[in-house]
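Here's the structure, in structure tokens; my notes come after.
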2 protein chains.
Amino acid sequence: MSLEIKNFDPRPIGVFDSGVGGLSVLNQLINHFPEENFVYLGDTARLPYGSKSPLTIQKYVTQNINYLVRHQQIKAVVVACNSASTVLSQIQLASDLPVFGVIKPGARAAFQISKTKKIGLWATRATVKQESYPKALKDLDSTITCISVPCPLLVPLVEEGLWQGDIVDAVLNHYFNQTDFNNLDTLILGCTHYPFIKSSIEKVIHKKNLKVNIIDSALALAEDLSQAFKNNLVQKNSSALKKGSLSLLLTDEASHFMELALKTFPSWENSKFQLIDLNQIV
Amino acid sequence: MSLEIKNFDPRPIGVFDSGVGGLSVLNQLINHFPEENFVYLGDTARLPYGSKSPLTIQKYVTQNINYLVRHQQIKAVVVACNSASTVLSQIQLASDLPVFGVIKPGARAAFQISKTKKIGLWATRATVKQESYPKALKDLDSTITCISVPCPLLVPLVEEGLWQGDIVDAVLNHYFNQTDFNNLDTLILGCTHYPFIKSSIEKVIHKKNLKVNIIDSALALAEDLSQAFKNNLVQKNSSALKKGSLSLLLTDEASHFMELALKTFPSWENSKFQLIDLNQIV
């Protein structure tokens, strides 16, 4: 029997990304808030965002959030994509819904753990260009140096389900060679796709005898959500309580997306899946 | 002084793709028809198409062609993308404009050169799934066997300007291992991105001591255009005549696209470039 939680707001939390990257964030959120209801919107008809311009990304992000507000009665939205999170300060929404991006939590986690104050950022071309991470890090400590490296090939590898092996190693070596690791002690995975290949990244770090902390923004983001909703979010580890629901919405029929999602999260097999018309969100 | 060509129709030929892939086709067309005027539409706001569903691709293709007809007064359209060419038979256009895809010319060229009648196809996931090449080959010769291999990682490599080196070799080895080359004498590059890495593919073929003809649909496509417009297209090698114009239209501001385009075709530096609003083509 489910216990009743005082002040618990049963409306779902909306989470969106263009493709599978945001699933790494969603997974962390479900682990942290198992009683919550979630709606995941994957904008698969227009993926990826990381190679698009800020203006186009702003347009897509605004449309996605407005759709979630209008059609899904969400209580908060999580932008589970770094490229999309970089434009949040530039968009205007029709609602005063709480919006959570991944940049600030990721920067804060890196700031808290780094001792050398030299922090690396691996991200998409769009995220690097927007300079949101260096700015967020400078706001926390003006002496921080941020080394930004665009790593666009990591997204298609993850989308293809290639998370380890020769190709991944060749691509990682390419980006390791482009990153100045001298005195650098922290590396932000500034794209929600990258956590899927975290163990391959750690393997190269170990092989190269580097000492580098890896930052996955999703964990820090979950803390932000917990703080913001402490009165009406279900507490972590409430295993006796009723498990929340999950709806998956996609803008394009994407069997490949579903394959990858189920490969990663087999328990989602019975989740509600729905194809939504892009015209509804335009 | 320019010579006057009898029956020459000065309206431009429209060419479109989602990104840089179609530039390989455009380049062939300009080489074959230097006097022609061209308008290139790159749907960079929604690239790539190869990972999207047939229905979504149909929608984008219809919108792009209708835009070119309404706003650019074109006399013909070339769909310089294999994933887009696979849906041509399923779309209905508001005009009776001649539409040229890359599938049939590519299949014909492969059929003409293959002796073993075992033909390989490397293409995007969408193109492989649609089975347009095997169907087009069977229409030419029912005894042909087509070995189709989706090679989705080749597109981001080309988009990144990585056309040779360790990463390309690792990815190519991956796809060579997935392809049954036993008795296969012809390989269709079923994606307009792939010709950019043709020399790397040829290097592996040579290293593996294989004897395989490489088919780039763009050459066969140019022949189709030549046939269809023999009365009013300027002849090849008409070097004394006035050079045609080129307009580049993009649906998203894409400095990276322009960099790659100019890296490949330095002479395009003075071409007219224009950003078009996606709402105009929706």
Side-chain angles (χ1 to χ4, degrees), chain A residues 18-20 43-60 63 124-126 128-129 150-162 165-175 177 250-260 275-279 281-282, chain B residues 18-20 43-60 63 124-126 128-129 150-162 165-175 177 250-260 275-279 281-282:
Chain A
S18 56
V20 302
D43 192 4
T44 44
R46 306 189 287 196
L47 69 81
Y49 285 1
S51 59
K52 313 263 153 82
S53 74
L55 274 180
T56 293
I57 298 172
Q58 277 173 44
K59 186 174 155 186
Y60 293 170
Q63 290 169 346
T124 64
R125 203 178 292 287
V128 167
K129 208 169 179 182
C151 307
L153 288 174
L154 298 183
V155 168
L157 287 183
V158 169
E159 294 274 347
E160 281 313 306
L162 277 172
D166 290 349
I167 296 176
V168 176
D169 291 345
V171 173
L172 287 179
N173 273 325
H174 179 69
Y175 294 133
N177 290 338
L250 298 178
T251 55
D252 190 17
E253 179 263 315
S255 55
H256 187 60
F257 173 97
M258 291 307 292
E259 263 171 44
L260 268 186
L275 187 63
I276 58 171
D277 185 353
L278 207 59
N279 289 327
I281 68 170
V282 167
Chain B
S18 57
V20 303
D43 192 4
T44 45
R46 306 188 287 196
L47 69 80
Y49 285 1
S51 59
K52 312 263 153 81
S53 74
L55 274 180
T56 293
I57 298 172
Q58 277 173 43
K59 185 175 156 183
Y60 294 170
Q63 290 169 345
T124 64
R125 202 178 294 285
V128 168
K129 209 170 177 180
C151 306
L153 287 174
L154 298 183
V155 168
L157 287 181
V158 169
E159 294 275 347
E160 281 312 305
L162 277 172
D166 290 348
I167 297 176
V168 176
D169 290 345
V171 173
L172 287 179
N173 272 326
H174 179 68
Y175 294 132
N177 290 338
L250 298 179
T251 55
D252 189 17
E253 179 263 315
S255 54
H256 187 59
F257 173 97
M258 290 307 292
E259 263 171 44
L260 268 186
L275 186 63
I276 59 170
D277 186 351
L278 206 58
N279 289 327
I281 68 169
V282 168

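Note that the coordinates shown come from a computational prediction; the quantities given were computed from them, not determined experimentally. All heavy atoms count here, side chains included; hydrogens, waters and symmetry mates do not. Throughout, a chain's letter reflects where its sequence line sits, starting with A, and its residues are numbered from 1.
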Inter-residue atom distance I167(B).CD1 - L172(A).CG, 0.5 Å rounding = 9.0 Å
Show me, pair by pair, the donor-acceptor contacts under 3.5 angstrom made by side chains of residues 51-58 of chain A, not counting sequence neighbours?
unit_1: K52(A); atom_1: NZ; unit_2: R46(A); atom_2: O; d: 3.1
unit_1: K52(A); atom_1: NZ; unit_2: P48(A); atom_2: O; d: 2.8
unit_1: K52(A); atom_1: NZ; unit_2: L47(B); atom_2: O; d: 3.0
unit_1: S53(A); atom_1: OG; unit_2: T56(A); atom_2: N; d: 3.3
unit_1: S53(A); atom_1: OG; unit_2: T56(A); atom_2: OG1; d: 3.4
unit_1: S53(A); atom_1: OG; unit_2: D252(B); atom_2: OD1; d: 2.4
unit_1: T56(A); atom_1: OG1; unit_2: D252(B); atom_2: OD1; d: 2.7

Chain B heavy atoms under 4.5 Å from Y60(A): which part of the residue, side chain, backbone, both or neither?
-> side chain
Salt bridge (charged side-chain N to carboxylate O under 4.0 Å, His left out) partners of E160(B), counting only residues at least two apart = R125(A)
Under 4.5 Å from any heavy atom of chain A - which part of F257(B) | neither
P156(A) and its side-chain contact (heavy atoms from CB on, under 4.5 Å) partner, picked from V155(B), L157(B), L153(B) | L153(B)
